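First comes the structure, then the notes that go with it.
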Amino acid sequence: MSSEVKASKNCKECDILLWKNPVETGKIFGGALIALLIVKKVDLVSLFLKLLYTVLFASASVEFLSKLVLNKGLVTTYGLKECPNVAGTIKPYVDEALKQLPVYQAKFRQLLFASSPERSFKAAGVVYASQKLISLMSLWTIALIATIGTFTVPIIYQTYQKEIDQAVDQAVTVTKAKSAEYQKLVQEKATPYVKQLDEKLAPVTGFVKSKIPQSRTTPESTTAKLAAEVPLEPTPSASATTSGASFPSVPKTDLKQSVQEVSDKIDDISADSLKQEIENHKATPAI
């Protein structure tokens, strides 16, 4: 709903600036010019003070004379009993302005701290141009030009939009071409002087280069040199691989021959010899 209201307000303002309703636009434009003329020709502070003391003197005189003659003050009897509700009248406008204030503060902070350098540069250019205009012309002159431009430029642009766009595009193209041409000309003119300056400063640059230590090379060359000096470690696959030559040699035995030798020894042992050995063992006294 608020967006629709804002859109309608913007459309109404556009209609006023584009003279869609000449009577309404003429009233606003004429009132603005009259206000500017009053500001230019009349000292508003002096006028306000003059009106104030005149009203005070008149009301005091009427009240005093009416009490003296009629025993009743006319000003206190028939004057306003309550003040106009000025606060209630301007409060909606003040509240709306206060609601919009944080938005403008955020935009100003973004411009001031260069969240977008392009916008900050544009704002700096506008402020610089405004300062130059104020130094050349008075505020009243600038306000008069701005008022006339506000009510004339939009309708002129709408009427001759195609011609104006073509003229602007042509001006931009010509400006770019001239800028490139002047840049090339300046470069050609400056090249011989740059070469002469380089030749004249050759001894100085050579002396400076000679005083710079050779070790101050690029970090990449130093790192590469250090990396080249580090020995390579053996790979795990190479260390884990073991050849057959590293194990001790296993004697080759014949299983059949060993069994035959054991059986021959068993045959040589007789029962009598075993009995004799047992008796000898029993006859041997214990130590």
Side-chain angles (χ1 to χ4, degrees), residues 1-49 51-52 82-161 164-165 168-169 171-172 175-176 179:
M1 184 67 183
S2 59
S3 61
E4 294 178 359
V5 173
K6 291 182 180 179
S8 62
K9 289 182 178 180
N10 293 331
C11 293
K12 185 178 180 181
E13 293 174 358
C14 293
D15 292 342
I16 292 173
L17 296 178
L18 294 175
W19 295 79
K20 296 294 182 65
N21 189 350
V23 176
E24 185 178 359
T25 304
K27 289 179 181 178
I28 298 174
F29 184 40
L33 292 178
I34 292 172
L36 288 174
L37 290 175
I38 292 174
V39 171
K40 177 68 175 178
K41 299 298 181 180
V42 179
D43 188 357
L44 293 178
V45 176
S46 178
L47 178 62
F48 175 75
L49 294 176
L51 290 174
L52 182 60
E82 295 180 357
C83 295
N85 189 9
V86 179
T89 304
I90 65 175
K91 187 177 183 300
Y93 301 98
V94 175
D95 292 341
E96 185 64 25
L98 292 176
K99 289 180 181 179
Q100 297 298 326
L101 183 61
V103 178
Y104 292 114
Q105 284 181 331
K107 290 182 179 180
F108 180 74
R109 180 184 59 80
Q110 291 175 356
L111 285 176
L112 187 62
F113 293 99
S115 60
S116 175
E118 184 179 357
R119 292 181 180 178
S120 298
F121 277 126
K122 290 180 180 179
V126 171
V127 175
Y128 177 78
S130 301
Q131 188 271 333
K132 290 300 181 182
L133 285 175
I134 293 174
S135 63
L136 295 175
M137 297 181 292
S138 63
L139 288 175
W140 184 86
T141 306
I142 295 173
L144 179 63
I145 295 173
T147 302
I148 296 174
T150 301
F151 286 92
T152 55
V153 172
I155 186 64
I156 292 174
Y157 178 74
Q158 187 185 29
T159 306
Y160 303 100
Q161 181 177 1
I164 292 173
D165 290 341
V168 170
D169 292 339
V172 170
T175 303
K176 288 182 179 179
S179 175

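Residue indices begin at 1 and follow the sequence shown. Keep in mind the model is a prediction, meaning the values are calculated, not measured.
- Between atom NZ of residue K107 and atom CG of residue L112 there is a gap of 16.0 Å, rounded to the nearest 0.5 Å.
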Checklist entry - Run the side-chain contact (heavy atoms from CB on, under 4.5 Å) check on L37 and W140 step by step: do they pass? => result CA-CA 9 Å; L37 290 175; W140 184 86; 4.2 Å; yes
Item to check | Derivation and outcome, side-chain contact (heavy atoms from CB on, under 4.5 Å), residues L133 and T141 | outcome: CA-CA 10 Å; L133 285 175; T141 306; over 6 Å; no
Next on the checklist: Between I145 and M137, does the side-chain contact (heavy atoms from CB on, under 4.5 Å) criterion hold? Intermediate values first, please.
Outcome noted: CA-CA 11 Å; I145 295 173; M137 297 181 292; 4.1 Å; yes
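- Checked by atom type, the side-chain pair D165/Y160 shows no donor-acceptor distance below 3.5 Å.
- Here the CD1 atom belonging to I16 is positioned 11.5 Å from the NZ atom belonging to K27, to the nearest 0.5 angstrom.
- Under 3.5 Å, the side chains of T147 and T150 contain no donor-acceptor pair of N or O atoms.
- S135 places a side-chain N or O within donor-acceptor distance of the main-chain N or O of K132, the cut-off being under 3.5 Å.
- To the nearest 0.5 Å, atoms CD1 (I38) and CG (L47) are separated by 9.0 Å.
- Residues S120 and A114 come closest through the heavy atom pair OG-CA, 3.3 Å.
- With salt bridges taken as basic N to acidic carboxylate O contacts below 4.0 Å, none links D95 and K99.
- Side-chain atoms of T89 come within 3.5 Å of backbone N or O of N85 as a donor-acceptor pair.
- Of all heavy-atom pairs spanning P154 and G149, the tightest one is CD-O, 3.6 Å.
- Minimum interatomic distance between I28 and F151 (heavy atoms only, all atoms of both residues): CG2-CZ, 3.8 Å.
- Contact annotation: the side chain of V39 approaches that of L44 to within less than 4.5 Å [non-hydrogen atoms, C-beta and beyond].
- A distance of 8.0 Å separates CD1 of I155 from NZ of K20, quoted to the nearest 0.5 Å.
- Distance check, rounded to the nearest 0.5 Å: CG of L49 to CG of D43 gives 9.0 Å.
- Side chain of W19 to main chain of T25: no donor-acceptor pair is present (N/O by atom type, distance under 3.5 Å, no hydrogens or angles).
- Annotation: Q105, atom CD; neighbour count of heavy atoms from other residues, nucleotides and ligands within 6.0 Å is above 12.
- Remark: I148 CD1 to L36 CG distance equals 8.5 Å, nearest 0.5 Å.
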